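Both backbone and side-chain heavy atoms feed into the values below; hydrogens, waters and symmetry mates do not. Worth saying up front: this structure is predicted, and the values here are computed from it rather than measured.
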Amino acid sequence: MKILLIQENGRHEKNRNFRECFSMKKALIKKGAECEVWGLGHENYKENISFNNFDLILNLENYDETNWVPDLSNISSKKMLWSIDSHCRGQEVYDREFKRGNYDKMLQSTKYFVNENSIWFPNCFDNTLLKNKNSEKKHSVGFCGNIVNRQPWIDLLSNQEFDFKKDIFVIGEDMVNAVNSYKIHFHKNISIDIAYRNFETMGCGTALVTSFNEDYRDLGMIDGENCMIYRDHNELIQKISLLLENEEYLLKISKAGEELANRKHTYNNRADLLLEIYENL
């Protein structure tokens, strides 16, 4: 089986190998597929690509700012569009691309946007890059990511008595080391999404404290068992304090989260789902 993954190459050298296309490629090759990555910034971008030579084309490109993604409407290959960031950009842009390219199925990372043309395809993590290093937990609580709409929450944690470490826009291997250095990782989804960082945190063996999403339970994420889920400022502080006051409980949450992430939410898991969807097209 031949699969083409379309996505722009990463713009940050330190983070380039963390791109979805490379992680999915590794997972699909493990499943026995022949897989190629193509798109703006890749070495093969200016080469002539025979799109019809592939059994499946998966378009992962979510920010085609220069309109480089080709019109695939006349390509006979099976085609899927992976909508990763509809919670940020809105669903309309993906619906337009779906129609323009005459895609067979949309993979939707946010369950809220699933419709008759799409299927829920939750985010995941690359367990070949993100893992528990069993390194020293230097900080009680940490945040690694972009501020976006999280500033009030970060300010709240900064004013608490416990040790809080801020790692803003820390990427690549530095991000992996940062998350591994926290006993607890504070996370807040941007809106109705379930962000990658949920699974990455658990995969690193760090206790996840994350904002509420009604779809967590469908992913096996259970408050108080393998993660901690908060709905407001008070509950956030209560959940963090509970973990910091009970080291045994904190370790239990961390280990259970790590087990869940590696069992159900790796790219290997999503590659299995992708191939299943393909077989049913």
Side-chain angles (χ1 to χ4, degrees), residues 1-10 15-31 33 35-42 49 51 54-65 67-73 75 77-126 189-200 215 219 264-281:
M1 181 178 183
K2 294 184 65 176
I3 302 174
L4 178 66
L5 305 178
I6 297 177
Q7 187 178 37
E8 181 180 349
N9 204 359
N15 209 44
R16 184 164 293 158
N17 62 325
F18 285 74
R19 294 286 278 170
E20 293 95 344
C21 57
F22 298 127
S23 295
M24 183 58 79
K25 178 181 178 180
K26 286 185 294 186
L28 287 169
I29 289 174
K30 283 185 179 180
K31 306 298 176 183
C35 198
E36 185 175 345
V37 172
W38 177 86
L40 185 67
H42 294 282
I49 296 291
F51 295 108
F54 294 90
D55 300 294
L56 171 64
I57 297 174
L58 176 60
N59 179 3
L60 297 84
E61 181 52 49
N62 276 247
Y63 292 93
D64 181 11
E65 297 169 351
N67 298 316
W68 62 264
V69 175
D71 179 359
L72 302 175
S73 57
I75 302 302
S77 307
K78 296 296 184 181
K79 295 164 292 187
M80 298 187 204
L81 174 65
W82 188 356
S83 173
I84 300 170
D85 289 322
S86 52
H87 63 285
C88 293
R89 305 184 68 201
Q91 185 57 31
E92 293 81 5
V93 63
Y94 302 102
D95 289 338
R96 287 197 300 269
E97 179 61 23
F98 184 86
K99 184 176 181 180
R100 180 180 82 106
N102 193 26
Y103 287 86
D104 297 285
K105 187 67 71 175
M106 185 183 300
L107 308 180
Q108 185 58 258
S109 66
T110 302
K111 190 176 182 181
Y112 175 82
F113 294 111
V114 172
N115 58 24
E116 66 276 7
N117 297 320
S118 59
I119 191 169
W120 192 25
F121 199 80
N123 286 328
C124 57
F125 81 109
D126 188 334
N189 298 306
I190 293 176
S191 60
I192 56 175
D193 57 312
I194 298 177
Y196 288 110
R197 195 50 49 88
N198 289 283
F199 308 111
E200 293 170 344
D215 298 320
L219 298 173
K264 295 188 65 174
H265 300 301
T266 69
Y267 272 91
N268 289 329
N269 299 123
R270 299 299 180 263
D272 284 334
L273 178 56
L274 177 69
L275 296 175
E276 179 184 335
I277 296 168
Y278 168 80
E279 291 296 331
N280 290 316
L281 286 178

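- Heavy atoms of other residues, nucleotides or ligands lying less than 6.0 angstrom from OH of Y112 number 12 at most.
- In this structure, L58 and I6 have side chains that are not in contact, with every pair of non-hydrogen atoms separated by 4.5 Å or more.
- Other residues, nucleotides and ligands contribute at most 12 non-hydrogen atoms within 6.0 Å of the NZ atom of K99.
- With values rounded to the nearest 0.5 angstrom, T110 atom OG1 is found 6.0 Å from H87 atom NE2.
- Nearest approach of K26 to D126, heavy atoms of both residues: NZ-OD2, 2.8 Å.
- Using the six-membered ring where Trp is involved, Y103 and F98 have ring planes that are parallel, under 30° apart on the 30 and 60° scheme.
- Inter-residue side-chain proximity for W38 and P70 is flagged as met; some heavy-atom pair is nearer than 4.5 Å.
- The closest donor-acceptor contact from the side chain of D64 to the backbone of N62 lies at 3.5 Å or more, if one exists at all.
- Residues N117 and K105 come closest through the heavy atom pair O-CD, 3.2 Å.
- Considering only heavy atoms from C-beta on, P122 comes within 4.5 Å of R270 through its side chain.
- Note that CD1 of I57 and CD of E36 are 10.5 Å apart. Values are rounded to the nearest 0.5 Å.
- To the nearest 0.5 Å, atom CD of residue E8 and atom CD of residue E65 are 7.0 Å apart.
- Of the residues listed (F125, F121, F199), the one engaging H265 in a ring pair (Phe, Tyr, Trp, His ring centres under 6.0 Å) is F199, and it is the only one.
- The closest side-chain heavy-atom distance from E97 to V69 is below 4.5 Å.
- Of all the heavy atoms in R89 and Y63, the pair that sits closest is CD-CE2, 3.5 Å.
- Between I49 and F54, the closest side-chain pair of non-hydrogen atoms falls below 4.5 Å.
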Checklist entry - Yes or no on side chain to side chain contact (heavy atoms under 4.5 Å, CB included) for I190 and C88, after CA distance, side-chain angles and deciding distance? => result CA-CA 8 Å; I190 293 176; C88 293; 4.0 Å; yes

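- The nearest pair of heavy atoms linking I29 to C35 is CG1-CB, 4.1 Å.
- Side-chain atoms of S86 do not come within 3.5 Å of backbone N or O of Q91 as any donor-acceptor pair.
- Atom CD1 of residue I194 and atom CG of residue L219 lie 4.5 Å apart, to the nearest 0.5 angstrom.
- Between C21 and L5, the shortest heavy-atom distance links the atoms O-CD1, 3.3 Å.
- In terms of modelled atom types and a separation under 3.5 Å, the side chain of K79 and the main chain of G101 share a donor-acceptor contact.
- Put simply, NZ on K25 and NZ on K30 are 14.0 Å apart, with the number rounded to the nearest 0.5 Å.
- Closest approach of S77 and D104 over heavy atoms only: O-OD2, 4.1 Å.
- Taken from OG in S118 to OH in Y94, the straight-line distance is 13.0 Å, to the nearest 0.5 Å.
- Counting only N and O atoms by type, the side chains of N189 and N198 include a donor and acceptor under 3.5 Å apart.
- Checked against E20 for a side-chain hydrogen bond (donor to acceptor under 3.5 Å, both in side chains), the options Y196, W82, Y267 give a single hit: Y196.
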Atom pairs and distances, side-chain donor-acceptor, residues 274-281, under 3.5 Å, sequence neighbours left out:
| from | atom 1 | to | atom 2 | distance (Å) |
| --- | --- | --- | --- | --- |
| N280 | ND2 | E276 | O | 3.0 |

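- Side-chain contact between R19 and V37 is absent, with no heavy atoms from C-beta onward closer than 4.5 Å.
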